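Just below is one structure, and these are the notes that go with it.
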Amino acid sequence: MPVLRDEEFLYASGRIKVLENRLLSRSVIERVLEAENTEAVLRVLSETDYAPEFEELESVYDFEKALENSMRKTLNTVKESLKDHRIVRFFTLKYDYHNLKVIAKSRILGVDAPENLSNLGDVPVDELIKLGKGEGDAAVPETMKAAFEGAMRLFEETRDPQQIDLFLDRALYEELVELTKKIGHEFLKDYLAASVDLINIKTMVRLKYMESDFRTLEKSLLPGGTIEPAFFEKYFQEPLQSLVEALSSSRYSGVVKEGLENWISTGSPAAYEKLSDDFLLGILKKGIYKPFGLETVAGYIGAKENEIKILRVLMVGKINGISEDVIRERLRDVYV
């Protein structure tokens with residue numbers, strides 16, 4: 001398929017410029033944050049684009065269903081506006097791979113109908129379940145079939161369920177790298193590379209805390225980033241402060257300095273994860289300033305995913321009676 005050109009996004013970008021205005025503003029997020037209880041939260045959300053999804057809920061504890069339905073509506077709207085769906089696929093592929101992981105683990109446990117399956121992927125859940133049962137006619141892309149079979153073989157050899165996650169994460173990012181090459185747009189390559197670099201830094205720090213060996217790190221590093229494995233090998237042997245200094249002149253200096261220092265002092269990666277998400281959202285925000293093009297479409301889909309994350313943090317916090325200050329620390333930046 002040909003490289004995507006900005007002109008192909010004219011119609012979709014026009015629709016998205018209207019939809020951007022319906023994304024939650026910082027002031028609406030603040031109102032949800034300050035709401036006394038879940039009923040008050042639902043009152044605020046009833047004035048937003050989320051009203052139909054939340055009105056359908058039998059219980060506030062089912063909020064994940066409302067968030068997923070809203071995200072699905074967004075993905076369908078974008079798809080309807082485009083002839084070529086590869087940019088949407090860039091965002092939905094991870095949901096299919098999430099489902100592959102769940103199905104693989106269900107097979108190991110001998111569970112028939114897996115829980116936690118997402119309806120946001122492109123591959124029908126029923127077909128993935130057929131794949132999990134070993135049915136040869138499952139309508140699943142060959143790349144995913146191969147990834148699933150490879151993960152199951154690795155489990156048979158190691159009896160370690162974590163190897164399934166590692167194998168399928170790598171397969172997902174290998175497919176994303178190929179997809180971005182085919183789409184051929186520098187913006188998307190840059191966004192993917194930054195995502196991978198930030199995940200790989202986090203993986204390295206986590207494994208250092210667990211006192212793992214470099215071989216485990218090597219298997220855990222994802223493809224598609226700009227930081228070479230040799231860099232990770234070098235700094236894996238050194239104190240974390242050396243890693244902070246080594247990255248102080250990189251584009252990730254802000255995330256690493258504040259995020260890792262907070263991690264070192266608190267033992268929690270929460271601040272690093274928040275700063276990573278904000279950094280990636282900063283890349284996506286190029287979409288706001290372009291009248292049309294791939295950036296506008298990618299920016300909007302990414303902004304919607306970010307908004308769902310914010311609402312998830314708020315809902316979990318409110319349901320569990322977590323203080324406003326603690327919730328605020330975990331809130332991501334907003335797109336608009």
Side-chain angles (χ1 to χ4, degrees), residues 12 14-81 88 91-92 94-95 98 115-121 125 268 270-271 273-278 280-282 284-285 287-288 296-336:
R15 284 188 80 178
I16 281 165
K17 289 298 168 191
V18 175
L19 294 170
E20 275 176 0
N21 296 320
R22 297 189 201 161
L23 288 166
L24 301 184
S25 63
R26 175 56 72 186
S27 63
V28 172
I29 301 292
E30 283 294 326
R31 283 176 62 205
V32 175
L33 184 59
E34 289 161 12
E36 287 171 29
N37 49 37
T38 51
E39 286 74 29
V41 168
L42 295 179
R43 275 200 299 278
V44 176
L45 292 176
S46 71
E47 300 164 19
T48 70
D49 236 27
Y50 291 88
E53 284 75 31
F54 275 90
E55 277 163 15
E56 284 171 16
L57 293 188
E58 286 176 27
S59 158
V60 72
Y61 297 102
D62 295 335
F63 70 87
E64 281 289 359
K65 211 181 290 175
L67 297 181
E68 182 171 85
N69 288 343
S70 179
M71 189 70 217
R72 190 164 66 235
K73 204 159 76 177
T74 295
L75 292 169
N76 289 342
T77 301
V78 176
K79 275 185 187 169
E80 284 162 16
S81 313
V88 181
F91 288 93
T92 59
K94 61 180 171 285
Y95 301 115
H98 161 82
E115 298 285 318
N116 313 326
L117 289 175
S118 169
N119 289 304
L120 297 176
V125 165
S268 165
E273 289 167 353
K274 174 197 170 333
L275 291 163
S276 294
D277 284 350
D278 287 350
L280 294 171
L281 191 70
L284 291 174
K285 280 185 179 180
I288 299 174
T296 305
V297 176
Y300 177 66
I301 299 172
K304 184 70 179 182
E305 286 188 336
N306 183 66
E307 186 171 277
I308 299 276
K309 270 188 194 173
I310 291 172
L311 284 175
R312 186 175 290 120
V313 169
L314 287 165
M315 295 304 294
V316 169
K318 291 294 172 186
I319 286 169
N320 292 300
I322 295 168
S323 79
E324 209 175 289
D325 289 344
V326 172
I327 298 173
R328 191 185 297 280
E329 280 172 17
R330 295 180 185 171
L331 286 186
R332 274 66 182 152
D333 193 6
V334 292
Y335 187 68
V336 286

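Remember, it's a predicted structure, so these values are computed and weren't measured experimentally.
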According to side chain to side chain contact (heavy atoms under 4.5 Å, CB included), who are the partners of Thr296, at least two apart in sequence or on a separate chain? Ser13, Ile16, Lys17, Glu20, Lys290
Close side-chain approach of Leu311 and Tyr50, heavy atoms under 4.5 Å: yes
Give a yes or no on whether the backbone of Glu39 and the side-chain of Asn37 come within a donor-acceptor separation of less than 3.5 Å. yes
Gap between atom CG of Leu120 and atom CZ of Phe91 - 0.5 Å precision: 13.0 Å
Find the distance between CZ (Arg72) and CG (Asn69) and round it off to the nearest 0.5 Å. 4.5 Å
Would you call Arg328 and Val313 a side-chain contact if the rule is heavy atoms closer than 4.5 Å? no
Between atom CD of Glu68 and atom OH of Tyr95, what is the distance when rounded to the nearest 0.5 Å? 8.5 Å
Any chance you could lay out the side-chain contact (heavy atoms from CB on, under 4.5 Å) test for Val334 and Leu23, step after step, and finish with the verdict? CA-CA 9 Å; Val334 292; Leu23 288 166; over 6 Å; no
Would you please name every residue forming a side chain to side chain contact (heavy atoms under 4.5 Å, CB included) with Glu34, sequence neighbours left out? Glu30, Glu324
Tightest non-hydrogen contact, residues Lys318 and Ala35, listed as NZ-O, 2.8 Å
Flag, side chain of His98 to backbone of Asn116, donor-acceptor distance under 3.5 Å: yes
Can you check whether Leu67's main-chain N or O pairs, donor with acceptor, with Ser70's side chain at less than 3.5 Å? no
Minimal non-hydrogen separation, Leu284 against Ala298, with atom names: CD2-O, 3.8 Å
Count the heavy atoms belonging to other residues, nucleotides or ligands that lie under 6.0 Å from CZ of Arg330, then report whether that count exceeds 12. no
Check side chain to side chain contact (heavy atoms under 4.5 Å, CB included) between Glu36 and all other residues, then give those that pass, not counting sequence neighbours. none
Side-chain donor-acceptor contacts of residues 51-61 below 3.5 Å, not counting sequence neighbours, with atom names and distances?
unit_1, atom_1, unit_2, atom_2, d
Glu53, OE2, Lys73, NZ, 3.0
Ser59, OG, Tyr61, N, 3.0

Looking only at heavy atoms, what is the nearest atom pair of Thr48 and Leu45, with distance? OG1-O, 2.7 Å
Sequence neighbours excluded, every pair satisfying salt bridge (charged side-chain N to carboxylate O under 4.0 Å, His left out) that has a member inside residues 299-310: Lys94-Glu305, Asp277-Lys309, Lys304-Glu307
Between Lys285 (side chain only) and Gly299 (backbone N and O only), is there a donor and an acceptor less than 3.5 Å apart? no
Tell me, do Val41 and Leu314 make a side-chain contact under 4.5 Å, heavy atoms counted? no
Which residues share a side-chain hydrogen bond (donor to acceptor under 3.5 Å, both in side chains) with Glu47, sequence neighbours left out: Arg31
Distance from Leu24 atom CG to Asp49 atom CG, nearest 0.5 Å? 8.0 Å
From Thr74 atom OG1 to Ile308 atom CD1, the distance as rounded to the nearest 0.5 Å: 7.0 Å
For the residue pair Gly121 and Ser118, what are the closest heavy atoms and their distance? N-OG, 4.4 Å
Atom CD1 in Ile310, atom CG in Asp333: separation rounded to 0.5 Å? 7.5 Å
